Amino acid sequence: MELGISGKKAIVCAASKGLGRGCAEALAGEGVDLVICARGEETLEATALAIRKNTGVEVRTVACDVTTEVGRESLLAACPDPDILINNAGGPPPGEFKDFTLDDWRKAVEANMLSPIALTQSVVYSMMERGFGRIVNITSAAVKAPINLLDLSNGARMGLTGGVAIVARNASRHNVTINGLLPGTFETDRLRQNLAKNAEVRNITPEQAAADRISMIPARRFGKTEEFGAICAFLCSVHAGYLTAQNIVVDGGAFPGAL
Ligand code: NAP
């Protein structure tokens, strides 16, 4: 299917690795020019080089922390009027509710709620004026079913989901959509780190920890970043203008609810 977005401009946040990179690659594959960011410059440049080589699109890089005001300003300076915005950042650390400080909560809210809200506010009105815009918030399956030990993520991401629910509806008459894309368990560095930690705590091998996790997923495997990117690209396509204010779980069937 031709997605109809060739020549559009996208900001993809936190895109040197993992899910963000998957989205950047899928958009580039559709001919979308990119501005991508991450904090680590070396990996970011290597990713940009690989995407340029594979797709021929323009890929500009901004090495920054997207959870800071300065970082977001530099990103917007590189691309003030994106047609597509993919909001993403690292997730908050796991832990016990009793141990979290207010500062931990503030950091999580800043990174996973306020940062995507600020970027959305900066670009959504000019998208509405131009009559096209696609915003995808990479959140987590935790938005539908809170995850044990991830209270910080559960809370901040639900805040983001509620925070954009009305602007998503108001923007839709201008052909601007805002959706959440909710990953379950995808093969990324973050997952590998989580499995290593899980294995250490349980005194088992990382392979056993992975097998245990997979046994809880109906698809009996982890998701691939390419699969996540393809869904993201479709949400950004000209065909998805009537699909807005939704929170789409991509988890191999792990969410147990029927709706
Ligand atoms: P990942 O493989 O560790 O990749 C994270 C990417 O984000 C890297 O490019 C990293 O580069 C960049 N990044 C992190 N913090 C940043 C910041 N403050 N500013 C700019 N760039 C930043 O992680 P992932 O698995 O793709 O996860 C992406 C998001 O999805 C996270 O919020 C995660 O919690 C969430 N999620 C993932 C899964 C999963 O199964 N993988 C499931 C549910 C939710 P630098 O470190 O160089 O900045």
Side-chain angles (χ1 to χ4, degrees), residues 11-26 34-48 50-51 61-75 78 86-94 107-116 118-119 136-158 160-161 180-198 209-210 213-214 216-217 219 221-229 231-232 247-252 254-255:
I11 292 178
V12 187
C13 302
S16 67
K17 293 193 290 188
L19 300 174
R21 177 170 176 162
C23 294
E25 287 176 332
L34 303 176
V35 171
I36 60 173
C37 85
R39 292 162 304 179
E41 197 162 4
E42 205 177 313
T43 312
L44 182 66
E45 291 304 334
T47 297
I51 297 177
T61 56
V62 179
C64 70
D65 181 341
V66 73
T67 70
T68 66
E69 216 169 314
V70 175
R72 291 189 294 275
E73 274 168 13
S74 52
L75 202 47
I86 312 301
N87 277 315
N88 187 30
K107 280 188 191 135
V109 167
E110 189 71 43
N112 299 105
M113 177 182 172
L114 300 183
S115 175
L119 280 175
V136 176
N137 293 317
I138 299 179
T139 59
S140 167
V143 167
K144 291 266 186 185
I147 298 171
N148 191 26
L149 302 178
L150 286 182
D151 311 67
L152 296 174
S153 173
N154 299 337
R157 296 186 198 277
M158 282 187 198
L160 168 62
T161 305
L181 204 45
L182 285 51
T185 314
F186 278 79
E187 269 183 46
T188 66
D189 279 4
R190 179 171 162 96
L191 176 67
R192 283 181 276 276
Q193 284 157 14
N194 286 349
L195 290 174
K197 183 82 195 155
N198 181 281
R213 186 75 68 86
I214 284 172
M216 295 187 285
I217 303 170
R221 65 177 177 85
F222 296 135
K224 298 182 193 329
T225 55
E226 302 91 292
E227 294 174 299
F228 192 83
I231 297 167
C232 176
N247 289 286
I248 299 159
V249 185
V250 189
D251 68 349
F255 176 65

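When a ligand or atom number is given, it counts from 1 through the structure's own listing order. The model shown is predicted, which means the values in this text are computed figures rather than measured ones.
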For [X], the ligand 1 atoms whose distance to one of its heavy atoms is below 4.0 Å:
{"X": "Gly40", "value": "45 (P), 47 (O), 48 (O)"}
{"X": "Asp189", "value": "2 (O)"}
{"X": "Thr67", "value": "18 (N)"}
{"X": "Cys64", "value": "19 (N), 20 (C)"}
{"X": "Thr185", "value": "40 (O)"}
{"X": "Gly18", "value": "2 (O), 26 (O)"}
{"X": "Gly91", "value": "31 (C), 32 (O), 34 (O)"}

Please list the nearest protein heavy atom to [atom] with its residue and the distance rounded to 0.1 Å.
{"atom": "atom 18 (N) of ligand 1", "result": "Asp65 OD1, 2.8 Å"}
{"atom": "atom 31 (C) of ligand 1", "result": "Ala89 O, 3.1 Å"}
{"atom": "atom 25 (O) of ligand 1", "result": "Thr188 OG1, 2.6 Å"}
{"atom": "atom 30 (O) of ligand 1", "result": "Leu19 CD1, 3.6 Å"}
{"atom": "atom 16 (C) of ligand 1", "result": "Arg39 NE, 3.5 Å"}
{"atom": "atom 8 (C) of ligand 1", "result": "Ser16 OG, 3.7 Å"}
{"atom": "atom 13 (N) of ligand 1", "result": "Ala14 CB, 3.7 Å"}
{"atom": "atom 21 (N) of ligand 1", "result": "Ala38 CA, 3.4 Å"}

N or O pair under 3.5 Å between [X] and ligand 1:
{"X": "Gly90", "answer": "yes"}
{"X": "Lys17", "answer": "yes"}
{"X": "Gly184", "answer": "yes"}
{"X": "Cys37", "answer": "no"}

[X] side chain near [Y] side chain, heavy-atom distance below 4.5 Å:
{"X": "Leu44", "Y": "Thr47", "answer": "no"}
{"X": "Asp251", "Y": "Leu182", "answer": "no"}
{"X": "Leu191", "Y": "Arg213", "answer": "yes"}
{"X": "Leu160", "Y": "Asn87", "answer": "no"}
{"X": "Phe228", "Y": "Ile138", "answer": "yes"}
{"X": "Pro93", "Y": "Lys107", "answer": "no"}
{"X": "Asn112", "Y": "Ser153", "answer": "no"}
{"X": "Phe222", "Y": "Ile217", "answer": "yes"}

If we ignore hydrogens and angles and just use 3.5 Å, is the side chain of [X] paired with the main-chain N or O of [Y] as donor and acceptor?
{"X": "Arg21", "Y": "Ala15", "value": "no"}
{"X": "Asn154", "Y": "Pro146", "value": "no"}
{"X": "Arg157", "Y": "Met113", "value": "no"}
{"X": "Thr68", "Y": "Asp65", "value": "yes"}

Heavy-atom nearest neighbour of [atom] within options [options]:
{"atom": "atom 27 (O) of ligand 1", "options": "Glu41, Arg213, Arg190, Arg72", "answer": "Arg190"}
{"atom": "atom 29 (C) of ligand 1", "options": "Leu181, Leu191, Thr47, Asn88", "answer": "Asn88"}
{"atom": "atom 43 (C) of ligand 1", "options": "Pro183, Cys23, Cys13", "answer": "Pro183"}

Item to check | Evaluation steps, side-chain contact (heavy atoms from CB on, under 4.5 Å), between Ile147 and Ser140 | outcome: CA-CA 10 Å; Ile147 298 171; Ser140 167; 4.3 Å; yes

Checklist entry - Among the heavy atoms of Thr139, does any lie under 4.0 Å from an atom of ligand 1? => result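 Yes, Thr139 has a heavy atom closer than 4.0 Å to ligand 1.
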
Have a look at ligand 1 and work out which part of [X], if any, has a heavy atom under 4.0 Å from it: side chain, backbone, both or neither.
{"X": "Thr43", "value": "neither"}
{"X": "Ala141", "value": "neither"}
{"X": "Arg157", "value": "side chain"}

Item to check | Flag: protein heavy atom within less than 4.0 Å of atom 5 (C) of ligand 1 | outcome: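 Given the 4.0 Å limit, the answer for atom 5 (C) of ligand 1 is no, no protein heavy atom qualifies.
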
Checklist entry - Glu45: what forms a salt bridge (Lys or Arg N to Asp or Glu O under 4.0 Å) with it, not counting sequence neighbours? => result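 Checked Glu45 against salt bridge (Lys or Arg N to Asp or Glu O under 4.0 Å); zero matches.
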
Checklist entry - Is the number of heavy atoms from other residues, nucleotides or ligands under 6.0 Å of Glu69 CD greater than 12? => result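 Counting other residues, nucleotides and ligands, CD of Glu69 stays at 12 neighbours or fewer.
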
Next on the checklist: Show, in sequence, the C-alpha distance, side-chain angles and deciding distance for Leu119 and Ile11, and conclude whether the side-chain contact (heavy atoms from CB on, under 4.5 Å) test is met.
Outcome noted: CA-CA 10 Å; Leu119 280 175; Ile11 292 178; 5.7 Å; no

